[in-house]
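Here's the structure, in structure tokens; my notes come after.
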Protein chains: 2
Amino acid sequence: MGSSGRRERLRAETTAEIKKVALALMASGGPDAITLRAIAREMGMTANAIYGYFATRDDLVTTLINDVYTALADSVDAAWETVPATDPAIRIGAWATAFRTWALVNPQGFRLIYGDPVPGYHAPEGGPAPDAARRVCTGLTALAAAAWPHAQHLYEDSAFDWSDFDPGLLDKVRPAFPDLPPAAVALALRIWGHLHGLVSLEVYGHMHTQTTSPEKLFQEELAQLVQMLGVPRRS
Amino acid sequence: MGSSGRRERLRAETTAEIKKVALALMASGGPDAITLRAIAREMGMTANAIYGYFATRDDLVTTLINDVYTALADSVDAAWETVPATDPAIRIGAWATAFRTWALVNPQGFRLIYGDPVPGYHAPEGGPAPDAARRVCTGLTALAAAAWPHAQHLYEDSAFDWSDFDPGLLDKVRPAFPDLPPAAVALALRIWGHLHGLVSLEVYGHMHTQTTSPEKLFQEELAQLVQMLGVPRRS
DNA sequence: GCATAAACTTCACGGCGTATAGTTTCTGCG
DNA sequence: CGCAGAAACTATACGCCGTGAAGTTTATGC
């Protein structure tokens, strides 16, 4: 390959700049502002030049979704790990708070991941970022796993079966938590739903027309989360 | 006014047709498919003719959001009322199930209401349909009110205050349920979040990459909903 | 030094919202 | 009836968008 490493390096740098500029446009103008022409304008290029790096605008958007989703997953994973494992309730609170905080700091990123990302965008099969999504769900399953000794008795009549879940998720979850039953994964998904719902209503401005303190609402949600997981509350 | 009623009638008919065509386009191609040109094409008109009926595309979209949101509110209200008041648990289940069913039958409508509706759309102040949103929330508050005698003891340390809520919501809620404390409204909003989260993850296809039976997940959610509301379960 | 491939530009097409100006058609009044 | 005026609609144009085809420059490897 010789000095062709130079070409590759330049190429990688340009690719990175395209993504950087695209993310900046998104942050300031929402996902809709991610247009090839605007990116090119910002970079002093022609819009068509971008086609040398991404086959289509949807490809670029898919890549961005993956990156942003991965950033979210990193963020919540990190929050989880910075708190000692001794108190599950605190770890759970840290995870959920990190989730909401990330969404409020990166509302446009949240929309990109979970909303209709961009005009006319059609996701490739199975969604653009199932891996990152599963990382998030795995994190939630870790919540459930940490609390399962306490929570178990609350979900004894749960009717879930391994076949109710996506194999791709189970491949990540079952090896990590070998003793966990299907009911715990179902619980994790439901918790995902609870948090996603409150946060997305907030990010999209729907909650704002009902309450002036979504923060307080989320705190009460955290309290109930701890209850759902059967973790003994500390006063 | 004389026979100018004719003009008005024609005008109203054309307005209705624009909305009908727009909704049909949305149902088949998603909110993105709502374009003035496509509507006009479908109606054998010029795109600019629509400007005689709606000042701008955003105005049309706002009207559609109101209509669709109202349809959703009607749907859940109706489900609530078709079930006798004798068993709160069944009424609650009916309401929540109607919510999810409506969303699954009208996924594009759900996206229109709760997602980024359409490329470049900017909602007018306070969101386009706060009234319909508050109708939904009022319905949820009715859930909480119906169960409050049972639920009360679960939320005695709730720190909510009337000032935590939007006056527009309280105007609808407080007269209807004079004895209800702020904690019950907070509970209603949290339940809204729970249901919205599960349903929106499902509608946007995120749940599908994790579980093969979102239905079952929602059923378990219903069971917990009944618990949250402290309603005695029937086996 | 030169053939080749990669990077990039130019031009073009159709789609979008919408502003402006012009045309047709209907209404109500004398 | 005839005719002003309003209402409904069309025509044209501008600047956005994604993207395809073809041409040009620039760096690479032999």
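First the proteins, then the strands, lettered A, B, ... as listed; each starts at 1. Just so it is clear, the structure is predicted and the values come from calculations on it, not from any experiment.
- A/E8 places its CD atom 14 Å from the C1' atom of C/dA5, with the value rounded to the nearest Å.
- Atom CE of A/M45 and atom P of D/dT25 are 17 Å apart (whole Å).
- Annotation: side chain of B/H194 is in contact with side chain of A/Q224 (closest heavy-atom distance under 4.5 Å).
- If you measure from atom CZ of B/R11 to atom P of D/dA6, you get 16 Å, rounded to the nearest angstrom.
- Of the residues in residues 16-27 of chain B, none has a non-hydrogen atom less than 4.0 angstrom from any atom of DNA chain C.
- Between the P atom of C/dT25 and the CG atom of B/L10 lies a distance of 15 Å, rounded to the nearest Å.
- Using a cut-off of 4.0 Å between Lys/Arg side-chain N and Asp/Glu carboxylate O, B/R100 and B/E215 are scored as salt-bridged.
- Residues B/I34 and B/I39 have side chains in contact (heavy-atom distance under 4.5 Å, counting atoms from C-beta outward).
- Going from atom OH of A/Y53 over to atom C1' of C/dA7 covers 6 Å, rounded to whole Å.
- Between B/I50 atom CD1 and D/dT10 atom C1' there is a gap of 13 Å when expressed in whole angstrom units.
- B/R134 and B/D171 are not joined by a salt bridge, as no carboxylate oxygen comes within less than 4.0 angstrom of a charged side-chain nitrogen.
- For B/T62 and B/Y121, the side-chain atoms include at least one donor-acceptor pair closer than 3.5 Å.
- The pair A/E220-A/K216 does not count as a salt bridge, with every side-chain nitrogen at least 4.0 angstrom from each carboxylate oxygen.
- B/E13 has its CD atom 19 Å from the P atom of D/dA7, to the nearest Å.
- Below 30°, between 30° and 60°, or above 60°: for A/Y114 and A/F110 the angle between ring planes is between 30° and 60°, a tilted geometry.
- Side-chain N or O atoms of B/N106 include one that pairs as donor or acceptor with a backbone N or O of B/W102 at under 3.5 Å.
- The distance from atom CG of B/D32 to atom P of D/dC17 is 16 Å, rounded to the nearest whole Å.
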Open item on the list: I'd like to compare against my own output: the B/S/- annotation of nucleotides 14-22 of chain C with a strict under-4.0 Å heavy-atom distance to protein.
Closed with: -SBBBBB--
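- For the atom pair NZ of B/K19 and OG1 of B/T14, the computed distance is 12.5 Å after rounding to the nearest 0.5 Å.
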